[in-house]
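In what follows, a single structure is set out as structure tokens and then discussed.
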Amino acid sequence: MTHGSRLSAIVPPLVSLLVIGAGLELALLATATPTYLMPRPSVVLSALADNAGELSRATLQTALAASLGLVFSAVFGGTIAVVLSMHPWVRRAFYPYAVFFQTVPVVAIAPMLVIWFGYGIRAITAAAFIVSVFPIIANTLSGLLSTDPALCDLFRIYRAGRLATLLKLRLPSSIPHFLTGLRIASGLAVIGAIVGEFVADTYQAGGGIGTAIEVAIKEQKTDKVFAAVLMASLLGLGFFALVNLASFLSMRHWHVSETKE
Amino acid sequence: MTHGSRLSAIVPPLVSLLVIGAGLELALLATATPTYLMPRPSVVLSALADNAGELSRATLQTALAASLGLVFSAVFGGTIAVVLSMHPWVRRAFYPYAVFFQTVPVVAIAPMLVIWFGYGIRAITAAAFIVSVFPIIANTLSGLLSTDPALCDLFRIYRAGRLATLLKLRLPSSIPHFLTGLRIASGLAVIGAIVGEFVADTYQAGGGIGTAIEVAIKEQKTDKVFAAVLMASLLGLGFFALVNLASFLSMRHWHVSETKE
Amino acid sequence: MSHSPPRPHTPESGIGVAVSISKLSRHFGGRQVLADFHLRIDAGEFLAVLGPSGCGKSTLLRLIAGLDRPDAGRVAIDSNPWPIAYVFQDPSLLPWRTVLHNVALPLELTGVPKEQRLHAAAKLLATVGLGEAAGRFPAQLSGGMRMRVSLARALITEPRLLLLDEPFAALDALTRQHLDDYLQGLFMARRMTVVFVTHSIAEAVFLADRALVLSAAGGTILTDRPIALPRPRREAVQTTVEFASECAALAQVLAQGHSA
Amino acid sequence: MSHSPPRPHTPESGIGVAVSISKLSRHFGGRQVLADFHLRIDAGEFLAVLGPSGCGKSTLLRLIAGLDRPDAGRVAIDSNPWPIAYVFQDPSLLPWRTVLHNVALPLELTGVPKEQRLHAAAKLLATVGLGEAAGRFPAQLSGGMRMRVSLARALITEPRLLLLDEPFAALDALTRQHLDDYLQGLFMARRMTVVFVTHSIAEAVFLADRALVLSAAGGTILTDRPIALPRPRREAVQTTVEFASECAALAQVLAQGHSA
Amino acid sequence: SAGGDAPAADGRTPVALQLNWVPEPEFGGYYAALQIGADREAGLSLDVRGGGPGTPVEQMVAAGRIDFGVSSADNVLIARSRGADLVAIYAVYQTFPQGIMTHSGRGLKSLAQVFESGTIAMEPGTPYERLLRQRFGLDKVRAVPYTNNLAPFLHDPLFAQQCFITAEPIAARRAGADPQVFPLTDVGYNPYAGVIITRSKVIAENPELVRSLVATVRRGWQAYLQDPRAANAEMHRLNPTMDLETFAAVAAAQEPLIAPADPSESELGTMRLERWEALAAQLTELGIIDRAEPSNAFHNP
Ligand SMILES: Nc1ncnc2c1ncn2[C@@H]1O[C@H](COP(=O)(O)OP(=O)(O)OP(=O)(O)O)[C@@H](O)[C@H]1O
Ligand SMILES: Nc1ncnc2c1ncn2[C@@H]1O[C@H](COP(=O)(O)OP(=O)(O)OP(=O)(O)O)[C@@H](O)[C@H]1O
Ligand SMILES: [Mg+2]
Ligand SMILES: [Mg+2]
């Protein structure tokens with residue numbers, strides 16, 4: 001990132017937002033698409049404004065569970081990847097279970113979630129975790145397995161223990177992969193929290209984005225559904241931007257993907 | 001993979017399966033956990049046997065949609081990553097929309113899915129695609145952006161066009177990243193197809209795994225829910241194994257992650 | 001190692017291009033690597049560049065090749081220099097291609113039919129002593145072998161401007177001498193323009209029409225010395241007094257550049 | 001470049017370890033790189049290894065270091081060789097660490113306190129002429145600078161067994177001479193065991209107690225020749241007749257090894 | 001007609017009906033109609049399409065992707081207020097089949113008491129959830145989503161949940177619980193359910209088709225009410241997850257809900273304006289819709 005980059009970071013997305021938004025608005029107007037099928041951006045925005053209080057409260061609630069889930073994913077996913085990286089046999093024996101976690105629909109294990117974790121934020125966090133952990137595992141693992149063999153040799157020469165090799169070599173060199181995993185996981189944590197809310201939200205005093213979506217679907221308020229989805233996306237984008245910032249800060253000196261821009 | 005590796009590829013997962021399966025069985029027996037919460041592995045297996053015909057038909061149906069979705073994800077995700085890799089501005093302008101796609105719950109856009117793609121396999125494939133495309137984009141993009149700058153210089157020296165550089169340099173060097181994305185996407189395509197079936201399956205004479213899960217949940221047949229989830233996992237594992245095979249075949253000569261084992 | 005006989009020597013019809021560098025500046029962070037650098041390289045000239053480690057030789061080559069942009073000044077190349085070839089200081093091979101396909105890459109990029117380019121690559125590989133390694137992947141080569149693959153790749157296009165960044169540093173004396181001879185033969189046959197970065201004074205004197213010595217700091221040209229020895233220079237020239245005196249002269253400037 | 005004075009010279013109390021290699025074989029695919037290889041390196045001996053590119057020098061070093069497993073035979077090292085140090089043919093620096101922290105890495109791995117190890121690293125960096133580059137990242141260095149960082153890193157642990165794979169190939173003659181001198185000083189002070197792969201015959205004769213020439217094929221030892229020149233050898237020794245005749249003898253064997 | 005249905009070979013008019021769940025007793029009449037050939041006799045070729053939990057039936061019908069689907073009266077009024085042109089033409093359940101199920105061990109006497117302690121699982125956003133929330137408040141209970149799954153109910157004696165009064169209590173009892181059911185009609189919420197919907201355009205352009213379909217469906221339901229066994233067997237074949245015993249039990253349980261609420265009403269499936277008006281008033285009062293013309297929302301062909 002060079003000087004004056006703040007502007008160039010803001011302008012392109014704004015321009016594309018305006019162009020795509022306006023294009024969509026016109027297209028939907030031209031085809032006279034009814035709001036109950038797909039609301040125009042302007043309608044979604046006014047729904048967003050009308051429900052600003054409710055939706056921002058919902059977003060905060062979902063944000064909490066999603067970010068907790070994401071943190072757990074980062075920590076446990078990273079740890080699991082480290083364990084899996086230790087030996088091909090460990091990988092063959094246990095990697096398949098990670099796939100199991102990835103392919104299980106949250107509704108199928110909803111009772112277990114709520115009975116083990118209780119209704120509310122804990123179960124929702126667990127859902128966010130389950131949905132978002134696999135990309136962290138897969139990416140970190142592939143990073144750990146791609147460590148430059150010459151550098152591994154160096155550490156072997158100095159009889160670096162497993163832990164030292166891990167901390168000072170394998171983990172740093174898998175940072176780019178880990179961050180890509182985190183980028184994917186950040187959106188998945190949001191969707192995981194939303195799906196978790198579908199099955200475990202305590203909504204007596206409002207609820208999260210998931211509940212807001214459910215309610216809006218039941219009330220057939222498509223504009224509000226999209227407004228809630230938009231909030232979810234903004235949340236995902238927020239996480240995404242944080243990961244990009246972490247990526248820039250941790251790799252600006254040494255990794256092509258950050259030094260080239 | 002060395003000679004005799006076939007055995008060593010099979011033994012560890014089998015051993016871990018037996019150990020974990022037996023452990024789970026005993027633990028659930030010991031705690032007298034009711035089947036409606038979590039059925040014992042033996043109960044799940046017998047449910048699997050009892051419903052073998054129905055579940056295998058359901059699995060085939062889901063497999064078709066999931067694999068189509070996965071192929072679309074690979075093709076379009078790869079293409080989108082290529083487009084995004086072209087310039088930081090393109091990335092800033094359009095990467096956020098990929099995040100939008102990732103964070104939108106399938107139920108929220110169910111009407112659009114069904115109305116645009118029709119009921120059945122097309123809408124389900126679309127759901128599998130939407131859910132699984134982001135990891136491909138994120139990983140391939142990070143691979144494309146990590147191309148060795150020395151090799152880029154080489155191609156610049158020879159005035160290689162954008163296309164040639166893409167085909168002969170950037171894409172090959174991002175294969176490991178793409179495959180990691182595909183590994184993540186393979187499980188997500190399965191879950192995407194399942195969620196797609198929740199909203200768009202045409203249940204005529206049996207549906208996909210998603211419908212089987214929903215129906216079994218409603219009928220309080222937890223053992224069958226888990227049997228169906230198991231089939232989904234096996235499907236995910238099948239895709240996963242295919243990706244691993246592709247990874248081995250394409251990188252066995254030159255990439256550490258495949259040459260080391 | 002076989003020396004395939006290059007085309008007959010016709011100096012006036014050389015393929016080389018002239019390069020004029022004027023007021024060139026390049027800095028990294030606070031370090032001024034090149035400042036107000038002037039240099040003219042004639043068409044069909046063989047220029048050797050010497051200088052202490054880190055003085056800016058590679059930077060200069062990258063600027064000439066257009067791989068790096070100067071902060072000020074410019075590099076002008078008379079007429080179309082294409083194809084340029086560049087042997088980087090690191091071999092930079094595509095790890096997923098065999099040696100043969102790595103060497104054939106430049107021809108592949110210019111659309112030469114497969115059979116033809118693989119044939120050319122195989123011939124060049126034999127020339128650099130790697131005929132048997134054609135089917136191996138870069139990871140299966142020794143350091144010196146990789147450098148030779150990189151050299152073969154550079155030579156496959158018959159470049160008009162050839163930039164070489166210590167191409168023989170990783171090679172033993174004999175292999176090096178063979179390749180020096182081969183390069184000289186090629187040069188005499190084609191009269192391309194060559195910029196040759198080396199740390200070996202003897203090699204510079206053996207090969208070049210002119211040798212440049214850069215200073216450690218600021219990329220100043222300490223000396224710009226024509227090497228008047230007649231071509232073809234045979235291995236034996238290295239034992240002559242003229243050769244020794246050229247070497248001594250350059251060594252002296254280098255020593256002085258080091259302390260600068 | 002400053003030469004920090006090494007500890008006083010006590011040859012009998014050297015820290016070097018003896019290495020015995022017997023019946024060592026290593027092949028890659030169908031290529032037998034080393035076959036039934038025998039070699040004994042005495043404690044505190046400086047062994048130079050010469051040989052054509054691709055003959056198996058790096059492979060031998062890796063086997064001695066235990067980084068590669070032989071197909072047959074063994075490498076026995078008397079007493080605990082630790083710390084070993086190895087300068088790889090490629091610099092192999094950690095890209096996310098500054099030069100200073102790269103050099104300090106071996107001490108970090110052995111638990112030396114931060115201040116102490118950074119101090120030692122800074123001193124060594126100054127010795128290899130990179131005092132000013134301490135805060136840079138590897139990607140910001142020239143090729144020769146990277147090799148010097150790698151050398152500094154190897155020397156920071158006071159190794160008992162020092163394996164060097166063409167450490168000075170990317171350096172200009174003067175820097176090279178300075179480092180040769182420094183290495184000799186270090187060797188005389190510590191009497192570690194050194195295995196030094198080089199392509200420079202002169203460098204081998206200048207530094208080594210004994211020089212080995214390997215053949216192009218099969219890793220046979222063509223000659224195993226003690227270099228009897230007295231230490232300390234000064235730069236001037238290179239102009240003596242004894243030096244020249246040692247060089248000539250090795251050159252001749254090398255030439256013969258090439259055709260083998 | 002939507003769905004791209006080609007006329008059947010024997011000249012019958014193809015017509016598709018989109019369900020919102022897989023074959024179950026709540027759809028028994030449609031399968032019975034097929035079995036007795038009621039569609040054939042009416043000149044139709046009926047295609048009954050199973051659905052899933054998220055099937056967007058209202059939107060599909062409104063958008064013209066399909067002409068007929070299964071919904072409920074409250075959804076019709078809501079959809080109409082959002083601009084969708086939906087009209088109900090037949091109502092299977094004359095009495096609203098949903099309620100709140102609790103454990104009878106709690107000794108609760110009324111719906112009001114359900115909302116005084118424990119946990120209540122409902123689908124948030126449904127009209128009756130709104131109604132109960134407005135009537136009783138959710139401040140003393142924990143409100144959680146209903147996910148079709150009985151496990152939390154079985155696990156927690158203080159758990160209450162919404163239910164199809166024909167289905168879940170049977171399953172709960174079979175799982176060893178002793179459920180107690182408060183029908184939502186207790187609080188005066190009684191919209192038509194199992195309602196067949198179409199667009200007014202279809203009615204205007206093809207009144208004969210609508211009439212034939214309603215006749216077919218009515219004959220099917222009559223047959224199913226008389227003897228559900230054959231249709232149950234067929235549905236069990238299609239949906240083996242539900243066993244025959246359950247089919248029979250649910251069919252029996254739903255019978256009184258399907259029978260005309262008003263004895264003066266002779267025919268199955270007929271709807272009355274007062275009921276629609278009452279519903280419209282309720283929904284408007286709840287703030288779910290802001291306007292309604294209930295007379296346009298249904299059509300008895
Ligand atoms: N990308 C970069 N960022 C910062 N500094 C750089 C960069 N590239 C080169 N430098 C600095 O520029 C100077 C010249 O580097 P260059 O690679 O041109 O040296 P060189 O003469 O080729 O040395 P060597 O003989 O060791 O290869 C060095 O001090 C180096 O640290
Ligand atoms: N991993 C490997 N796989 C296959 N072949 C290999 C491998 N490593 C080395 N070789 C082969 O072994 C031979 C010896 O390699 P080595 O690196 O030891 O040579 P060297 O003497 O160090 O050469 P140089 O002076 O060029 O560095 C070469 O022919 C090389 O191709
Ligand atoms: Mg350089
Ligand atoms: Mg080597």
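The sequence lines fix the lettering, A, B, ..., with proteins before strands; numbering per chain opens at 1.
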Nearest-0.5 Å distance, CH2 of residue D/Trp96 to CE of residue A/Met251
12.0 Å
Return yes when atom NE2 of D/His119 has more than 12 non-hydrogen atoms of other residues, nucleotides or ligands closer than 6.0 Å, and no otherwise.
no
Interface moiety of D/Leu67 toward chain A, non-hydrogen atoms closer than 4.5 Å:
both
Straight-line distance of A/Trp254 CH2 to D/Gln140 CD, nearest 0.5 Å
14.0 Å
Among D/Leu94, D/Asp90, D/Thr110, single out the residue with the greatest number of heavy-atom pairs under 4.5 Å to chain A.
D/Leu94
Do A/Arg156 side-chain atoms and D/Gly66 backbone N/O form a donor-acceptor pair below 3.5 Å?
yes
For the interface with chain D, which of A/Leu154, A/Leu169, A/Asp148, A/Thr165 has the highest count of heavy-atom pairs at distances below 4.5 Å?
A/Leu154
Taking a cut-off of under 4.5 angstrom between non-hydrogen atoms, the residues of residues 170-179 of chain A near chain D are A/Pro172, A/Ser173
Find the one option among D/Ala65, D/Ala154, D/Pro106 whose heavy-atom pairs under 4.5 Å with chain A are most numerous.
D/Pro106
Return yes when atom CZ of D/Arg74 has more than 12 non-hydrogen atoms of other residues, nucleotides or ligands closer than 6.0 Å, and no otherwise.
no
Given heavy-atom pairs under 4.5 angstrom as the criterion, report whether the side chain, backbone, both or neither of D/Pro83 touches chain A.
neither
Could you tell me whether A/Phe101 atom CZ has more than 12 heavy atoms of other residues or ligands within 6.0 Å of it?
no
Count the heavy atoms of every other residue, nucleotide or ligand shown that sit under 6.0 Å from CZ of D/Arg40, and state whether that count exceeds 12.
yes
Relative to chain A, which segment of D/Thr157 carries a heavy atom at a distance below 4.5 Å: side chain, backbone, both, or neither?
side chain
Largest heavy-atom contact set with chain A, pairs under 4.5 Å, which of D/Thr98, D/Ile84, D/Leu163
D/Ile84
Applying a strict 4.5 Å limit to non-hydrogen atoms, the region of D/Arg136 in contact with chain A is neither
What pairs with D/Asp209 under salt bridge (charged side-chain N to carboxylate O under 4.0 Å, His left out), at least two apart in sequence or on another chain?
D/Arg231
Specify the closest pair of heavy atoms between A/His253 and D/Phe137, including all atoms of both residues, with the distance to one decimal.
CG-CE1, 3.1 Å
Heavy-atom contacts under 4.5 Å, residues 22-35 of chain D to chain A:
none
Would you give me the side-chain donor-acceptor pairs under 3.5 Å for residues 63-74 of chain A, sequence neighbours excluded?
| residue | atom | partner | partner atom | Å |
| --- | --- | --- | --- | --- |
| A/Ser67 | OG | A/Ala63 | O | 2.7 |
| A/Ser67 | OG | A/Leu64 | O | 3.0 |
| A/Ser73 | OG | A/Gly69 | O | 3.3 |
| A/Ser73 | OG | A/Phe129 | O | 3.3 |
| A/Ser73 | OG | A/Ser132 | OG | 2.6 |
| A/Ser73 | OG | A/Val133 | N | 3.4 |

If you look at every heavy atom in D/Ser92 and A/Leu151, which pair is closest and at what distance?
O-CD2, 3.4 Å
Please flag which part of D/Leu105 lies under 4.5 Å from any non-hydrogen atom of chain A: side chain, backbone, both or neither.
side chain
